[in-house]
Structure formats: structure tokens, C-alpha cells
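Worksheet: the structure to be examined is printed underneath.
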Amino acid sequence: MEYRPLGRTGVQVSPLCLGAMMFGGKTSPADSAAIIDRALDAGINFIDTANVYNQGRSEEAVGEALQRNGQRQRVILATKVHGRMGDDPNAMGNTRRHIIEQCEASLRRLKTDWIDLYQVHRPQPGVPIDETLRALDDLVRAGKVRYIGSSTFAAWQLVESLWVSKEYRLERFVCEQPPYNLLDRRIERELIPMAQAYGLALIPWSPLAGGLLTGKYHRNAPPPEDSRYANLDANPMYRRRMNDAIWDVIEPLEALAREKGTTISRLALAWCMHQPGVTSPIIGPRTMEQLEDNLAALEVTITDEDRRAIDRIIRPGTHVSPYYEADWSAPAYRW
């Protein structure tokens, strides 16, 4: 497997990152461990989770699997902080209090002494970025975290964070985790050029658009009963994503995949993996079968003609389904 540098760090990571969002929830701890073992055997050395995934049970499943197989040392282990972890009004966000508290909790759940990559799961304009960065800097200095990153930040928020890190001599973000797929290419406008200019790794989430690019959804057909889109009325976000416009992209992509002798899921994942600036897309398999399909994308070649054909189907920088969204409003406080 060809490994890639994680931004400016020199750390080498696999071209696919194993996402653990399903682990400890729809995927049992035993099945999660089996998926982790298979991914490691295939050469994946990068695992991403978050404290909020199944309210800590994902981290627990990952920690137990790595403790059992003895592979913690070879894994680049990433987790995230920001989301609500309790009823207390301070049990969420990017404050010093919450970050340090949740780092300790993540270390316990992951059964490890250090986190390779600790990421801020979403921006929070109500908390000064210097407070967030100073807390993260303290964790790095304490040896509990090796590198820090962000997720779904706007390009301007990341540049501001780099300026603050330089101004106060704090650890800087080494990577950004944005949504990026063939239904939402908006990060190509500013985020990708910014990341390339400043040496930030990009580890995209939802490269298969939450399953919409897997071939199991079809125009004028009800979603599978066990899928996340089965009950659109219960989740307005899913209703906005599964809209009429997506079929005019999905159907031509399926035809292109058939011409190449592959599936739309493998085509979409391979495309994302080989886009300029991308380090390691995050796959989120629920089953071993899904993992095997994801791994098969490593064998798919994306040619220049494929890229031109895809650009004709969904123009660069555009979107038909909303993924790249967060609170990008002006901060309440400056440094």
C-alpha cells in the first residue's frame, strides 16, 4: 500500500482511513474488532473516531480491539471533541474545560496513553480560537496528544487559527476533516487551495455521501428499511440531502462505473482518494462486506478522461446535496 504524509508532519498514513462511527452501535464490539483486524491486515494504519459516536462506545470498541490485537503502536489513532457528552451546560463545545475533560475521558475509553490526532469536531464562534488552541497546546506539551486538527471548518477559520498559533507560539492544526464527495464539491473553491498552500492534510468524511453513492438508492424507489434514509420525516437533514437533484448525478455516475467494470461506490471512493490535496478519505463500514467493497476501491484507476467525464456530470466546486455546512459566523471574541 502506498502511504501518504499527514500534511507537514512527516507521519505516514494509509490512503484510506477507517472511520469508527458505526462501532459500538449498529456494529457490535465483536464485529468492530473483526473489521479493525481486517483493515490493519490490508495495510490501513489510520483509524478515526469521536467521543460522541454512540456516546463513547465507539472509542471503547476501538480501544478494546487494539488492546486485544496488540496493534496500538502501529496505528495512527484519531478522535474528536466538541459534541455534547452530557446534560451539563458545559458538557460540550471548544472550551478549555471541555477539551481537557474529554481528552482524559477519551484516553480512558481508548485504553491508550496518547492520542495521535485530536481534532476539534466543529467550529464554535462563541469560544475564542486562542482558548481552544491553548488547551490543545497544553495537551500536546503534556504528551497526551501528538497532533491537532479540525473538522468542517471554513477556510478563513483555519487561516485565522494558523495566525493565532503563530502569534502565540501554540501548536497549529495539521489537518482538516471536511465533507467531500461527488454530490458536494464545494471545498474545491477555497478549502483545498488553502490546505495545499499551508500544508494541511485533508481527510474527507462522507466520501460516499452517507451511502447515497453506494448504489442502494434509486429514483422513485423507497429507501431500504434498514438505511439511514428510511424515515426522511424524522430527520430534516437527510430529507435535504436526499433530494430530486441527486439522481441527475447518481445515474450518470452509475453508467460510468459500469463502463469501467466497477461499482459506483468504488468509483466515488477512488475519485475522492485521488483528488488533488486529499490525503486519506474516511470510510465508515458497518459490516465486513462494506469494508471489502471499500478496500476494492484501492484497485480502481481514475484516468484524466474519467475526471473530465465526472466534471461534466457534476461541475467542480458545485453541489446538489448539502454536506459542507457548519457555523462559520464571525467570532464573538477576538484574541
Q) Just by modelled atom types, is the T49 backbone N or O under 3.5 Å from a matching donor or acceptor in the K80 side chain? A)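 Judged by distance alone, yes, a pair lies under 3.5 Å.
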Q) Mind checking whether L298 and I264 sit in one hydrophobic cluster, side chains of I, L, V, M, F, W, Y counted as touching below 4.5 Å? A)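 Looking at the clustering, I264 is in the same group as L298.
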Q: Could you name each residue pair satisfying salt bridge (charged side-chain N to carboxylate O under 4.0 Å, His left out) that touches residues 266-286, not counting sequence neighbours?
A: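 As it turns out, the salt bridge (charged side-chain N to carboxylate O under 4.0 Å, His left out) pairs with a partner in residues 266-286, which skip direct neighbours, are D226-R286, R266-D293.
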**Q.** Pairs involving residues 175-185, ordered by first then second residue, that meet salt bridge (charged side-chain N to carboxylate O under 4.0 Å, His left out) (sequence neighbours left out)
**A.**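 Output for this query lists D184-R186, R185-E188, R185-D311.
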Q. So do the side chains of S280 and R4 get within less than 4.5 Å of each other, counting heavy atoms only?
A.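 Heavy-atom side-chain distance check fails, nothing below 4.5 Å.
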Q) Is any side-chain heavy atom of P285 less than 4.5 Å from a side-chain heavy atom of M22? A)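 Result no, sub-4.5 Å side-chain heavy-atom pair not found.
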**Q.** Heavy atoms of other groups near Q55 CD, more than 12 under 6.0 Å
**A.**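 Yes - once you tally the heavy atoms of other residues, nucleotides and ligands closer than 6.0 Å, there are more than 12.
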**Q.** Within 6.0 Å of CG in D244, more than 12 heavy atoms from elsewhere
**A.**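 Atom CG in D244 is not crowded, with 12 or fewer foreign heavy atoms closer than 6.0 Å.
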Between [atom1] of [X] and [atom2] of [Y], what distance do you get to the nearest 0.5 Å?
{"X": "N51", "Y": "M92", "atom1": "CG", "atom2": "CE", "value": "11.0 Å"}
{"X": "D306", "Y": "T301", "atom1": "CG", "atom2": "OG1", "value": "9.0 Å"}
{"X": "Q71", "Y": "L66", "atom1": "CD", "atom2": "CG", "value": "8.0 Å"}

Q. Does the ring of F23 carry R57 above it, NZ/CZ under 6.0 angstrom from centre and within 45° of its axis?
A.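 No, cation not above the ring by the 6.0 Å, 45° rule.
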Q.
Is the positively charged end of R72 above the ring of W114, judged by distance under 6.0 angstrom from the centroid and angle within 45° of the axis?
A.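 Geometry flag: set, cation within 6.0 Å and 45°.
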Q. Which is it for Q119 and S150 under the side chain to side chain donor-acceptor pair (under 3.5 Å) test, yes or no, and what are the steps along the way?
A. CA-CA 5 Å; Q119 303 156 102; S150 61; over 6 Å; no
Ring centres of [X] and [Y] under 6.0 Å apart?
{"X": "W163", "Y": "Y168", "answer": "no"}
{"X": "Y118", "Y": "Y147", "answer": "no"}
{"X": "W328", "Y": "Y324", "answer": "yes"}

Q: Can you sort out the partners of R239 under salt bridge (Lys or Arg N to Asp or Glu O under 4.0 Å), two or more places apart, ordered by chain and number?
A: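 Only D233 meet the salt bridge (Lys or Arg N to Asp or Glu O under 4.0 Å) criterion with R239.
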**Q.** Partners meeting salt bridge (Lys or Arg N to Asp or Glu O under 4.0 Å) with K111 (sequence neighbours left out)
**A.**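 In terms of salt bridge (Lys or Arg N to Asp or Glu O under 4.0 Å), with neighbours along the sequence ignored, K111 is linked to no residue.
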Q | ring-ring contact (aromatic ring centres under 6.0 Å, His included) partners of F173, counting only residues at least two apart | A |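 Checked F173 against ring-ring contact (aromatic ring centres under 6.0 Å, His included); matches are F153.
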Q. Going by the angle between their ring planes, with limits at 30° and 60°, are Y53 and H121 parallel, tilted or perpendicular?
A.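 If you compare the ring of Y53 with that of H121, the planes turn out perpendicular.
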Between side-chain atoms of residues 252-259 and protein atoms elsewhere (two or more places apart, or another chain), which donor-acceptor pairs fall under 3.5 Å?
none

